[in-house]
Protein chains: 2
Amino acid sequence: MAGGQGRVLELAVLGSLHETSLHGYELRKRLNALLGMFRAFSYGSLYPCLRSLLEQGLIAEDQPAPAAIVGGRSKIVYKLTAEGKERLQDLLTQAGPSAWEDESFGVHFAFFRHTEAEVRLRILEGRRSRLEERLDSVRTALARTRERLDSYTLELQRHGLESVEREVRWLNELIATERRASQEPVRDTTSTDE
Amino acid sequence: MAGGQGRVLELAVLGSLHETSLHGYELRKRLNALLGMFRAFSYGSLYPCLRSLLEQGLIAEDQPAPAAIVGGRSKIVYKLTAEGKERLQDLLTQAGPSAWEDESFGVHFAFFRHTEAEVRLRILEGRRSRLEERLDSVRTALARTRERLDSYTLELQRHGLESVEREVRWLNELIATERRASQEPVRDTTSTDE
DNA sequence: CTCAGGATGTATCGGCTCGATACATCGACG
DNA sequence: CGTCGATGTATCGAGCCGATACATCCTGAG
């Protein structure tokens, strides 16, 4: 569909290219370093994405510095086009489910420095309520079937719930920090305990 | 390929059907209750999987009790065949990467009560070393680029690392418990330090 | 009593992503 | 001089998801 629900990679690529021009291999390394434990994209998704972005005119081939050509092996360096920058701004404004689902939240978060404060807050809160919904539904399902489950399954449930509860606590801290930061408008010589 | 690396659903379905015969809808509910926060399968994967299993002769249609037919709406109840049971035993013996990767570990774990003690231990240890590898690679990558990262990315990295470290600790406890349990058989007075 | 909405139920389609794989070149090290 | 690992681009098959469609049953509000 033209929607583009799961197109996290698009944001990831456009966002990475915002700073510097890059070629596929390097792009992947940077991306995976940026996202750390959160997720790792493979070539199987990266290269098709680059082609698609190229066809859409959101990125373009950028000639590497002449010096690099001499000794360098064949590489294709991409840069962001004007349309690409526009699209990136667009994606950074998205604050709906596509920004707080499991697969995409981390990518949006990783580019928060380019995101407006209000959007950041909405994404954070959206993710939190998403997790709390899941927590609720799993907890009630668990309460209903608890006695029929063996100890391994119970242990899995417990660990899963705790992990998510931990993420909710993390989100709460982040939200509190965001709120505090946004309330700090022009503040002259009062005690700013930064 | 005939390999079957990512065929977690197959194990999940076969394992669920081991206890009772079930139809798709109920199967999905049970599965999602069983796996809790860990993961949720959709119909888009469940029904194709059921068909494939049926074609392979691993499951078969089971006539529901006549009483249920009268008032019941159309449902297709599946049961495990002899070959299915065999295949299930086979899958429960797998202790390689397919049992400890992110997407599959939880499913294998959820059926641990049907798994041999030795296999359980190997899966647990395999997952632990898998996570430790990732931890290492992310930590070194992070150390190399720390100063170039903004505070949001750093925060994401920190949270990600802590989550995985937490899972490693959890695995350590489980492994210790497993070891303790397996050392409880007839033990004469030799110091067998593995 | 009626009808709408929600749970139960089966099924498919498009699309994304991964893992494996195939090439090819470069630098380093023995 | 050979080979091994990092660099680099690219594709393919397969698994899984989300959305969607369609049909029946039950419940409860009007």
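Here is the naming used below: chain letters follow the sequence lines, and residue numbers restart at 1 for every chain.
Atoms CG (B:Asp102) and P (D:dG15) sit 19 Å apart, rounded to a whole Å. Distance B:Arg7 CZ to D:dG13 C1': 13 Å, rounded to the nearest Å. If you take NZ of A:Lys75 and C1' of D:dA6, they are 12 Å apart, rounded to a whole angstrom. In this structure, A:Glu10 places its CD atom 10 Å from P of C:dT17, rounding to the nearest Å. Here the P atom of nucleotide D:dC16 and the CD atom of B:Glu101 are 14 Å apart, to the nearest Å. Straight-line distance from the CG atom of A:Leu9 to the P atom of C:dC16: 10 Å, rounded to whole Å. C:dC23 atom P lies 19 Å from atom CD1 of A:Ile76, rounded to whole Å. To the nearest angstrom, P of D:dG15 lies 14 Å from CG of B:Leu46.
Using a 4.0 Å cut-off on heavy atoms, the residues of residues 11-31 of chain B that approach DNA chain C are B:His23, B:Gly24, B:Tyr25, B:Lys29, listed by number. In the region residues 34-44 of chain A, proximity to DNA chain C at under 4.0 angstrom, judged on heavy atoms, holds for A:Arg39, A:Ala40, A:Phe41, A:Ser42, A:Gly44. Looking at residues 47-61 of chain A, you'll see A:Tyr47, A:Arg51 sit with a heavy atom under 4.0 Å from some atom of DNA chain D. At a non-hydrogen distance threshold of 4.0 Å, nothing from residues 130-139 of chain A comes into contact with DNA chain C.
Between B:Glu61 and B:Val77, every side-chain heavy-atom pair lies at or beyond the 4.5 Å cut-off. Contact check for A:Tyr78 versus A:Asp62: no side-chain heavy atoms found under the 4.5 Å cut-off. B:Leu135 has its side chain within reach of A:Met37: a pair of non-hydrogen atoms, C-beta onward, lies under 4.5 Å apart. Looking at heavy atoms from C-beta onward, B:Trp100 lies out of side-chain contact with B:Leu131 at the 4.5 angstrom threshold. B:Thr145 has its side chain out of reach of A:Leu34: every pair of non-hydrogen atoms, C-beta onward, lies at least 4.5 Å apart.
Heavy-atom minimum distance, B:Val119 versus B:Gln94: CG1-O, 3.9 Å.
Applying the ring-ring contact (aromatic ring centres under 6.0 Å, His included) test to every pair with at least one member in residues 132-163 of chain B, sequence neighbours left out, gives these pairs: A:Phe109-B:Tyr152, A:Phe112-B:Tyr152, A:Trp170-B:His159. Annotation: salt bridge (Lys or Arg N to Asp or Glu O under 4.0 Å) contacts involving residues 156-168 of chain A, sequence neighbours excluded, comprise A:Arg127-A:Glu167, A:Arg139-A:Glu165, A:Glu155-A:Arg158, A:Arg158-A:Glu162, A:Glu162-B:Arg166, A:Arg166-B:Glu162. Applying the salt bridge (Lys or Arg N to Asp or Glu O under 4.0 Å) test to every pair with at least one member in residues 9-20 of chain A, sequence neighbours left out, gives these pairs: A:Arg7-A:Glu10, A:Glu10-A:Arg87, A:Glu19-A:Arg113.
By the side-chain contact (heavy atoms from CB on, under 4.5 Å) test, B:His18 pairs with B:Leu80, B:Leu88, B:His114, sequence neighbours left out. Scanning for side-chain contact (heavy atoms from CB on, under 4.5 Å) contacts around B:Ser42 gives B:Ser45, with sequence neighbours left out. Qualifying side-chain contact (heavy atoms from CB on, under 4.5 Å) partners for B:Arg28, counting only residues two or more places apart in sequence or in other chains: B:Asn32, B:Tyr43, B:Leu46. Evaluation of the side-chain contact (heavy atoms from CB on, under 4.5 Å) rule for A:Arg122 yields A:Ala95, A:Glu118 as partners, not counting sequence neighbours.
A salt bridge links B:Arg130 to B:Glu101: one of the charged nitrogens lies within less than 4.0 Å of a carboxylate oxygen.
Defined by atom type and a distance below 3.5 Å, a donor-acceptor pair is present between the side-chain atoms of B:Asp150 and B:Thr153.
In this structure, the side chain of B:Ser104 engages the main chain of B:Ser98 through a donor-acceptor pair within 3.5 Å.
Considering only side-chain N and O atoms, A:Ser45 lies nowhere under 4.0 angstrom from the phosphate OP1 or OP2 of C:dC16.
An end-to-end axis angle of 30° holds for the helix from C:dC1-D:dG30 to C:dG30-D:dC1, taken from five base pairs per end and rounded to 10°.
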